[in-house]
Amino acid sequence: MSNLAILLGIAIIATASYVLGRYKVAGTSQTLHSLPRYYGLFALICAVVPPIVLFLAWLGIAPFFTSGPISAQITPAMIPEGGSASLVMADIQRLANGVMQATRAGLIDFSALGDTTNLDVLGETLAAAGLIFGTKIDPAVFALTQDYIVRYEIGHDVMTLLLLGATILGALWGLYQIRPSFWARNAVERVLRLVLMLAAGLAILTTVGIVFSMLFETVNFLRLHAWQDFFFGLNWAPNFHGDSELAILPLLWGTLYISAVALAVAVPIGIFAAIYLSEYATKSLRSIAKPLLEVLAGIPTIVYGLFALVVFGPFLKDWFGDGGFLGVNWMSDARSVATAGIVMGIMLIPFVSSLSDDIINAVPQSLRDGSYGLGATQSETIKRVVLPAALPGIVGAILLAASRAIGETMIVVLGAGAIARFTANPLEALTTITTRIVSQLTGDGDFNSPETLVAFALGLSLFVITLGLNIIALMIVRKYREQYE
Amino acid sequence: MKDQITHGLENSVTSTPSKISATQVNVHYGDAHAIKDVNVEIAPNTVTAFIGPSGCGKSTFLRCLNRMNDTIDICRVTGNILLDGEDIYDRKVDPVQLRAKVGMVFQKPNPFPKSIYDNIAYGPRIHGLFKTKADLDTIVENALRRAAIWDEVKDRLDAPGTGLSGGQQQRICIARAIATAPDVLLMDEPCSALDPIATAQVEELIDELRENYSVVIVTHSMQQAARVSQKTAFFHLGNLVEYDDTTKIFTNPRDPRTESYITGRIG
Amino acid sequence: MTQTSAKQSLFAVTYHTKRRNASERRFRRYGQAAIGIGLLMLLTLAYTIVSKGTGAFQQTFVTLNIELLESKLDKKGNRDLEEMKKVSTFGYAPLIATAFENLAAEREIKTKIKAKEMAQIISKSAPSQLRDRVLDNPALIGQTVEFTLLANSWIDGYLKGRVTRENAQNNKNISVQQLDFVDELVALGVVEKRFNIGFITGADASDQRPEDAGIGVAMIGSLSMMIVVLLLSLPIGVAASIYLEEFAPKNWITDVIEVNIANLAAVPSIVFGILGLAIFINTMHFPQSAPLVGGLVLTLMTLPTIIISTRAALKAVPPSIRSAALGLGASQMQSVFHHVLPLAAPGILTGTIIGLAQALGETAPLLLIGMIGYIATNMPETVTDALLAPNSVMPAQIYEWAKRADPAFYERAWGGIIILLVFLITMNTLAVVLRRRFERRW
């Protein structure tokens with residue numbers, strides 16, 4: 001039975017149980033506790049939930065039955081040079097899928113395949129059906145594939161029976177429960193509430209997923225590479241012959257330096273813009289300028305990245321580069337700390353200004369009146385009363401902007417360069433944690449090499465840094481809000 | 001009716017020259033006409049109370065006297081308001097300087113989230129009223145003494161002003177206003193957010209302040225007006241209905257509307 | 001107490017006040033400057049995008065009469081498709097050169113360059129274009145057919161002012177003589193710039209043929225991914241928000257979830273890419289580069305945004321509505337689904353659209369799961385293909401072009417940005433319109 005047919009079967013049973021559930025209470029003269037449709041829904045839920053739970057359980061168990069025993073049989077001889085057992089397993093699964101697909105399409109007959117099958121012919125047949133395998137099929141691998149297919153099909157059949165059986169049993173049980181005095185609405189609502197709760201729990205699951213996926217690979221990395229070098233080394237020099245130097249410090253330096261430049265641009269501009277918009281601007285100016293500034297935050301970062309690479313970097317080089325207008329030769333490449341940092345700063349202006357604007361507006365008007373009443377000018381009121389009162393909130397806004405800057409990727413990938421070093425010259429190229437993550441994970445290195453796995457360690461470090469900043473920032477902002485509520 | 005007001009005014013003007021003299025003052029908020037042809041003379045060293053039902057314009061008028069209404073975009077003030085014979089709405093007058101001379105205390109105590117000392121020193125600092133730190137210390141101490149709160153806070157001048165009780169906060173705000181050495185103190189319902197004990201303290205203080213300043217107080221409470229003021233002005237729907245000695249207003253009001261208000265029939 | 005100010009006339013503005021007022025004006029100017037810089041930057045960006053990107057929508061085409069010689073394309077003359085397929089694109093290239101030679105002779109163009117050099121002004125994609133057309137319709141063989149072919153990107157750049165005679169002198173891809181020849185052809189109307197629909201509908205091309213690259217396939221990738229994100233993040237986000245806002249007990253678990261969501265909204269997007277790579281691809285063996293996986297990753301990224309705005313929308317519905325429903329005997333669930341949710345719908349939709357717009361512009365996490373520019377060469381044909389076949393998305397395509405460090409590709413990157421922004425502006429306008437239209441003040 002195909003997956004679609006199973007799904008259809010479950011759907012039919014579920015619909016039938018809905019109709020029957022309604023029907024069972026429709027004819028009675030007794031007063032119903034709930035509306036008829038709730039009885040139907042209850043029966044439907046009883047029919048659908050067991051197969052869903054069963055299926056999820058199956059997803060967890062199935063590998064022990066299908067791919068598990070197979071991958072245990074993969075011998076080192078089957079693993080091509082530079083590959084790994086997991087890659088071979090992936091190949092087996094791909095091949096198995098191809099064979100099953102071709103069988104379904106009637107191109108080949110799987111049951112007729114045996115040890116004597118000409119694998120070249122099989123490859124060509126599959127290729128003709130659009131299922132192309134890069135390498136020639138290895139007979140040993142093919143034997144395992146056959147075993148896999150057999151196990152897979154048995155598993156699939158058992159599963160089909162179980163799923164449909166569970167659906168029918170569930171539906172019957174549900175229908176049995178239904179009688180006019182049954183609190184159907186409450187039962188349905190309890191299930192609905194559980195679903196809502198699971199949706200909210202997904203947030204936790206995501207965080208756990210992030211932490212564990214990175215932690216797992218980071219541990220793998222640290223098994224292959226000295227942790228001393230990662231945390232305290234001073235060089236970043238991956239090479240694919242082994243003995244790479246993979247230290248986070250030079251990347252951290254680049255990340256922090258570029259973020260600092262970005263904040264140096266965004267913080268003063270953002271705060272002054274927020275002050276002007278909330279304290280000085282007329283209503284009409286505010287209604288135009290505020291959304292326009294916020295557009296800057298809505299522009300995709302790839303646009304800023306391209307702007308840095310093609311427009312702003314060359315512009316800086318025209319001034320500071322060899323033969324530039326200033327007659328100095330301080331800049332050799334259009335990509336630099338300043339290029340990425342300043343452009344990122346522009347992007348961050350609305351992050352600082354919007355949040356600061358909210359926070360300045362939350363400062364009670366009575367404080368301003370008190371200051372004006374004493375004869376303070378507007379700027380004195382802002383500098384001496386409003387800003388000090390809003391300071392915690394503004395610090396929170398700046399920290400959020402900082403976390404954004406540290407995690408920003410596309411602008412630095414395109415605008416900052418790829419050289420890891422400790423330089424203080426803002427006109428030289430530097431590289432950051434995020435750029436290295438992209439380059440290590442989009443390169444074609446072996447996945448299980450330290451050069452690739454280091455990206456997870458970098459990602460985890462990035463996550464920890466930004467998480468720390470976020471938590472502090474959110475706490476500050478929250479406290480600040482409570483103060484004036 | 002107009003005759004009656006002018007009549008009342010003449011009575012008050014005879015004895016002393018006015019500190020503030022307002023003639024034909026009109027205030028518009030956008031399309032709304034909030035204050036209509038108000039004429040008032042405010043005497044020096046007197047407590048003048050503005051009373052009237054909510055929304056009658058008494059607070060609005062008070063805010064005209066130190067140009068606090070300038071901070072509201074849609075507010076338009078016409079007419080003449082003279083302080084010591086000088087038009088405060090003259091183009092040459094900087095409202096910032098005016099407000100140093102005409103201080104203001106607000107409905108809700110609004111100490112800045114700073115130390116008590118910094119709260120009081122705020123005005124002298126922005127107006128540059130001192131040369132040395134010792135000068136400033138003296139100004140702060142005098143202001144706190146005059147506001148009758150020195151003894152309560154002298155040991156914790158570095159503590160935040162927001163940590164005090166409501167009555168103490170309000171007296172800090174009065175001290176803060178005094179510290180800029182004003183001629184006139186405007187108080188916008190200064191006791192409405194306070195409990196009875198704190199109210200009594202502040203009322204006592206207001207009476208003492210009369211020695212050095214002209215005090216104008218907006219109040220909701222007729223008893224308070226009767227207790228602290230020498231002059232009372234009754235506002236109704238943007239009009240100044242009656243202005244006279246406090247005793248006169250409360251014992252023998254001229255206008256039937258004043259009478260109704262005092263006896264509690266409108267309000 | 002100093003009483004200096006008391007004696008002074010109000011009309012005399014003191015030196016101190018003047019200084020204070022000057023500082024006031026200065027401060028105000030800083031504010032104006034800040035707004036000015038922000039708006040100027042926006043203007044600069046807009047100008048850059050429009051001025052550099054509009055070129056991508058125009059392309060230089062060459063109209064040529066090409067004689068499809070039977071002797072070259074079908075030596076046996078039996079029109080057997082299998083036979084004809086054996087003639088590779090190399091077999092077609094000389095036909096173009098000959099066509100140019102004939103053209104030059106016919107129109108009496110004086111030039112020293114040889115036929116082969118003439119043919120170099122045509123895109124490298126031209127022979128395969130010819131071949132496809134012939135294999136489609138073998139009857140054309142032997143005839144002289146008019147073809148509209150893409151010009152080489154250098155020629156295109158020359159007509160758009162990107163390539164000048166000066167930089168042609170030390171450029172091995174193009175010679176000044178060829179540019180002279182092109183000038184003659186332009187005068188004859190053989191070479192001209194036209195609207196290039198291929199850019200909007202086409203697929204990426206190799207780095208040798210910028211003139212042939214289009215963003216259409218990536219657009220479909222973006223679209224299928226957005227559908228996945230919408231279908232997953234809207235229901236899950238709304239469900240989570242309803243639970244947190246209406247049902248969750250106030251305890252530490254709820255607190256943890258709330259802090260968690262606020263934090264997830266600020267986690268760098270690339271971290272979600274790492275998550276997707278580790279969980280969806282390495283652990284669950286989902287196909288690489290598939291829009292479905294991209295959609296899953298971006299759903300996780302978009303959820304916090306949607307939850308935060310949905311909760312705000314639910315919070316804005318006054319409690320009196322809930323009390324009214326409960327007072328009539330509705331269950332809490334009914335009061336939420338019958339009354340609160342419909343009233344909050346405009347706010348929820350606005351938040352969702354804004355979240356989707358954010359996801360549409362996202363690049364970094366998608367690079368990690370393999371959605372790179374050049375990966376798809378054909379339009380997906382079925383829904384399954386659209387979701388599972390390797391594809392790219394618009395921002396990743398733009399990034400790919402930006403990486404190729406070729407002015408012709410930069411032009412396409414800017415053009416791609418225009419298309420991307422058209423989508424984003426439409427979505428945001430929709431959000432604003434929704435908000436304006438259905439905004440309710442309680």
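Values reported hereafter were calculated over all heavy atoms of this structure, with side chains retained and with hydrogens, waters and symmetry mates removed.
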Undergrad: Side chain, backbone, both or neither: which part of B:R176 has a heavy atom under 4.5 Å from chain A?
TA: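 Both parts, backbone and side chain.
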Undergrad: Out of B:R67, B:M68, B:M104, which one racks up the most heavy-atom pairs below 4.5 Å with chain A?
TA: B:M68
Undergrad: Within a radius of less than 6.0 Å around NZ of A:K383, do more than 12 heavy atoms belonging to other residues, nucleotides or ligands occur?
TA: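 Yes, NZ of A:K383 has more than 12 neighbouring heavy atoms, counting only those of other groups under 6.0 Å.
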Undergrad: In terms of heavy-atom proximity below 4.5 Å to chain A, should B:V105 be classed as side chain, backbone, both, or neither?
TA: neither
Undergrad: Counting only heavy atoms closer than 4.5 Å, note whether B:P111 contacts chain A via side chain, backbone, both or neither.
TA: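 Looking at B:P111, just its backbone touches chain A.
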Undergrad: Examine whether an atom of A:T282 lies under 4.5 Å from a heavy atom of chain B, and if so say whether it belongs to the side chain, the backbone or both; otherwise answer neither.
TA: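 Neither part; nothing is under 4.5 Å.
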Undergrad: Is any side-chain heavy atom of A:D369 less than 4.5 Å from a side-chain heavy atom of B:R63?
TA: yes
Undergrad: Check this for me: A:Q365, atom CD, are more than 12 non-hydrogen atoms of other residues, nucleotides or ligands nearer than 6.0 Å?
TA: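 Correct, the count exceeds 12.
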Undergrad: What's the shortest heavy-atom distance between A:G375 and B:V96, and which atoms?
TA: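 Shortest heavy-atom contact: O-CG1, 3.0 Å.
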Undergrad: Quick one: what part of B:F106 sits under 4.5 Å from any heavy atom of chain A, side chain, backbone, both or neither?
TA: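 Just its side chain gets close to chain A.
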Undergrad: Treating B:K114 as the side-chain partner and A:R384 as the backbone partner, does any N or O pair qualify as donor plus acceptor under 3.5 Å?
TA: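 Yes, because the side chain of B:K114 sits within donor-acceptor range (under 3.5 Å) of the backbone of A:R384.
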Undergrad: For residues A:L374 and B:T180, report the shortest heavy-atom separation together with the two atoms involved.
TA: O-CG2, 4.0 Å
Undergrad: Is it the case that over 12 heavy atoms from other parts of the model lie below 6.0 angstrom from the CD atom of B:E208?
TA: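 Count over threshold, so yes.
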Undergrad: Do other residues, nucleotides or ligands put more than 12 heavy atoms under 6.0 Å from A:K283 NZ?
TA: no
Undergrad: Does A:A376 offer a backbone N or O that forms a donor-acceptor pair with the side chain of B:H127 under 3.5 Å?
TA: no
Undergrad: With rounding to the nearest 0.5 angstrom, report the OG1 to CD distance, A:T377 to B:Q97.
TA: 12.0 Å
Undergrad: Testing the basics here: between B:N110 and A:L367, what is the closest heavy-atom pair and its distance to 0.1 Å?
TA: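 The answer is O-CD2, 3.7 Å.
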Undergrad: Side-chain contact, heavy-atom cut-off 4.5 Å: A:S371 with B:Y122?
TA: yes
